[in-house]
Amino acid sequence: MNDNLIIESLSPIERAVLPNLSEKATSLNEISKKSETDNTTTTRALEFLKNKNLVNIKTQEKKIVTKD
C-alpha cells in the first residue's frame, strides 16, 4: 500500500495523533496535549493505528498512592 492510500484511509483522529508521535517514549498525556484531543480519543486513535500496523504501543502501569 502506498503512502497516499494509507493517509487517505486514516480517520480525523488518527490524522491528529500520528504527527505527534516520536521515537522516544511519550506519555499519553503528552500526545493528547500535542494533538489537542482528550486521553480517551487519543487512546482510541492509537488503537486504530495499531490495528492498521502503523504503530507499536508499549504500556507501563504505575501505582500512585495519594492521601485524601
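No experiment lies behind these values; they were computed from the predicted model shown. Counting begins at 1 with the first residue of the sequence.
When the side chains of ILVMFWY residues are joined at heavy-atom separations under 4.5 Å, either directly or via intervening members, L18 and I7 end up in two distinct hydrophobic clusters. Linking Ile, Leu, Val, Met, Phe, Trp and Tyr whenever their side-chain heavy atoms come within less than 4.5 Å leaves I13 and I57 in two separate clusters.
For residues 55-65, no residue pair satisfies the salt bridge (charged side-chain N to carboxylate O under 4.0 Å, His left out) rule, not counting sequence neighbours. Judged as a side chain to side chain donor-acceptor pair (under 3.5 Å), the pairs with a partner in residues 32-42 (not counting sequence neighbours) are, in order, N20-S35, N29-N39, S32-N39, S32-T42, T37-T42, D38-T41.
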Exercise answer: donor-acceptor pairs, residues 47-56 side-chain atoms, under 3.5 Å, sequence neighbours excluded:
residue	atom	partner	partner atom	Å
N51	ND2	E47	O	3.3
K52	NZ	S9	O	3.1
K52	NZ	E14	OE1	3.0
K52	NZ	E14	OE2	3.3

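With sequence neighbours excluded, the residues forming a side-chain contact (heavy atoms from CB on, under 4.5 Å) with T43 are L28, listed by chain and number.
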